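Below is one structure, written out as structure tokens; the observations come after it.
Not measured: the values here are computed from a predicted model. Excluded from the calculations below are hydrogen atoms, water molecules and symmetry mates; all remaining heavy atoms, backbone and side chain alike, are included. Chain letters run A, B, ... following the sequence lines, proteins first and then strands; every chain starts at 1.
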2 protein chains.
Amino acid sequence: MMDHVDKILAQWMRERPDLDVSAMGLLGRLARLRAHLAREIEKIFTEHGLTSASFDVLAALRRSGPPFQLSPGDLMATTMVTSGTMTNRIDQLEKAGLVERLDNPDDRRGVIIGLTEEGLKRVEAAVTDHVANQHHLLECLETKDRQALDGLLRKLLAAFE
Amino acid sequence: MMDHVDKILAQWMRERPDLDVSAMGLLGRLARLRAHLAREIEKIFTEHGLTSASFDVLAALRRSGPPFQLSPGDLMATTMVTSGTMTNRIDQLEKAGLVERLDNPDDRRGVIIGLTEEGLKRVEAAVTDHVANQHHLLECLETKDRQALDGLLRKLLAAFE
DNA sequence: CCCATTTATCTTGACGTCAAGATAATTTTA
DNA sequence: TAAAATTATCTTGACGTCAAGATAAATGGG
């Protein structure tokens, strides 16, 4: 069965037969798949008045456990974004009343970001729906395939982190 | 071996043992991997004065074959972006002298985007380096693993397009 | 043949991200 | 302990993207 990426590869093979496009096929499918998945995942967050970006921050705080507090630096590390992006995300979440900036007693350069009561409620509801949606998105793969795919992704990811 | 995603899952299992996080693991690895790969890929384009966005457009034109012309609508379909985004990309590429807007003789609503001579030279050089880089990025996977991964991605992608 | 609908592209305004640099506090070095 | 280097966060300005709507041309039903 020929998919969209196969058509792209066929074009390249016709136009540039000197290129070995096998890697392009894999990486192209990974990129397209990610785009589709990201859009589907975003829908659930929208239902909770969140975005993937804001959920990432709230989720990192929630899963860190009580008292649901982390520094901006900690949050940057887990979310793979720059400091400017994290400042902006925190600003938005603070405006929305979902997190608060607290003084860091140990280091006056830094602050501590904490979930508010409303932020906690919001992320609890969102993560429950999000996890259910994630299973839905993968249900076209049998258990064995899912495990194999996860294993291969892990292997490849290990080369980068 | 425990990777970054495993640590996230372990946190969720501790905090929310009611959630089945197996799908989150796979999707999290996919997302992080994509982010790492996108950054590495971008580096090569930067060397050629391009971005992933501009390369996508030039590459679509190049692989369509002579005379290297497509409509904005065709380009939107292959690149998965909205019309506003495509207009902007074409504007930038036109300013850079890499593509040109030509009248569409069959439909006066539309235009035809064509590679300029400089655009063709640029994309030829970029794609050669890009393909080599793609192989480099996957070289930590043996052939068999690469094929297996590609097959699983294809299967999952089929559910979305 | 004409009007309503659809199609192709562009415009606008808002948002999220990043890179680079600024600021202020901590840590290290001499 | 004072100066230098490092660290944590925020600021700024530019860019790419999107959703929604505008414009203009093609198409189809009456």
Side-chain angles (χ1 to χ4, degrees), chain A residues 31-32 34-36 38-43 45-46 49-58 60-61 69-96 98-114, chain B residues 31-32 34-36 38-43 45-46 49-58 60-61 69-96 98-114:
Chain A
R32 286 185 79 88
R34 208 276 328 185
H36 287 296
R39 286 183 194 177
E40 292 303 314
I41 287 170
E42 195 78 27
K43 287 182 192 170
F45 295 142
T46 301
L50 298 173
T51 62
S52 290
S54 58
F55 176 81
D56 276 355
V57 175
L58 297 181
L61 292 167
Q69 295 177 353
L70 291 172
S71 70
D74 294 336
L75 291 168
M76 283 166 56
T78 67
T79 55
M80 295 179 74
V81 298
T82 60
S83 64
T85 298
M86 186 51 65
T87 297
N88 183 48
R89 288 185 181 186
I90 293 166
D91 286 347
Q92 302 308 313
L93 287 167
E94 198 175 27
K95 267 184 214 155
L98 303 180
V99 306
E100 53 194 350
R101 280 187 170 90
L102 308 167
D103 290 338
N104 183 340
D106 299 331
D107 186 338
R108 282 194 302 173
R109 287 171 305 182
V111 294
I112 296 289
I113 310 302
Chain B
R32 287 184 78 87
R34 208 274 331 182
H36 287 296
R39 285 182 195 178
E40 292 303 314
I41 287 171
E42 195 78 27
K43 286 181 191 169
F45 295 143
T46 301
L50 298 174
T51 62
S52 290
S54 58
F55 176 81
D56 276 355
V57 175
L58 298 181
L61 292 168
Q69 295 177 353
L70 291 172
S71 71
D74 294 335
L75 291 168
M76 283 166 55
T78 67
T79 56
M80 293 179 76
V81 299
T82 61
S83 63
T85 298
M86 186 51 65
T87 297
N88 184 47
R89 288 186 181 184
I90 294 166
D91 286 347
Q92 302 308 314
L93 286 167
E94 198 175 27
K95 267 185 213 154
L98 304 180
V99 305
E100 53 194 350
R101 281 187 170 89
L102 308 168
D103 290 337
N104 183 341
D106 300 331
D107 186 338
R108 283 193 302 173
R109 289 172 303 181
V111 294
I112 295 290
I113 310 302

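Remark: P of dT11(D) and CE of Met86(A) are 15 Å apart, rounded to the nearest angstrom. Separating the CG atom of Leu93(A) from the P atom of dC15(C) is a distance of 14 Å, rounded to the nearest angstrom. Residue Ile113(B) contributes atom CD1, which lies 12 Å from atom C1' of dA8(C) at whole-angstrom precision. With rounding to whole Å, Met76(B) atom CE is found 18 Å from dG16(D) atom P. Following rounding to the nearest Å, Asn104(B) (CG) and dT9(C) (P) show an atom-to-atom distance of 8 Å. Here dA19(D) presents its P atom at 15 Å from CG of Asn88(B), a figure rounded to the nearest Å. Whole-Å rounding puts the Gln92(A) CD to dC10(D) P distance at 13 Å. Rounded to whole angstrom, the span from the CD1 atom of Ile112(A) across to the C1' atom of dA8(D) amounts to 11 Å.
Scored by the side chain to side chain contact (heavy atoms under 4.5 Å, CB included) test, Thr46(A) finds Glu42(A) as partners (sequence neighbours excluded). Applying the side chain to side chain contact (heavy atoms under 4.5 Å, CB included) criterion to Asn88(A), with sequence neighbours excluded, gives Gln92(A).
Here the closest non-hydrogen pair linking Met86(A) and Thr79(A) is CE-OG1, 3.2 Å. Residues Leu70(A) and Leu61(A) approach most closely at N-CD2, 3.5 Å, considering heavy atoms. Minimum interatomic distance between Met80(A) and Arg39(B) (heavy atoms only, all atoms of both residues): O-NH2, 3.2 Å.
No side-chain heavy atom of Pro72(B) sits less than 4.5 Å from a side-chain heavy atom of Thr87(B).
For the pair Asp91(A) and Thr85(B), nearest-nucleotide mapping onto DNA chain D gives the more 5' position to Asp91(A).
Of all nucleotides listed (dC18(C), dT9(D), dT9(C)), dT9(C) comes nearest to the side chain of Pro72(B). Between dC18(D), dT17(C), dC10(D), one nucleotide has an atom nearer to the side chain of Val111(A) than all others, and that is dC10(D).
Look at Arg89(B) and you'll find a side-chain N or O under 4.0 angstrom from OP1 or OP2 of dT17(D). Residue Thr87(B) places no side-chain N or O under 4.0 Å from the OP1 or OP2 atom of dT9(C). Regarding contacts with the backbone of dC18(C), a side-chain N or O of Thr82(A) is found under 4.0 angstrom from either OP1 or OP2.
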Hey, what are the protein-to-nucleotides 21-27 of chain C N/O distances that come in under 3.5 Å?
unit_1, atom_1, unit_2, atom_2, d
dT26(C), OP1, Arg108(A), N, 3.2

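Gly84(B) comes within 4.0 angstrom of a base, heavy atoms only.
The CG atom of Leu75(B) sits 10.0 Å away from the CG atom of Asp56(B) when rounded to the nearest 0.5 Å.
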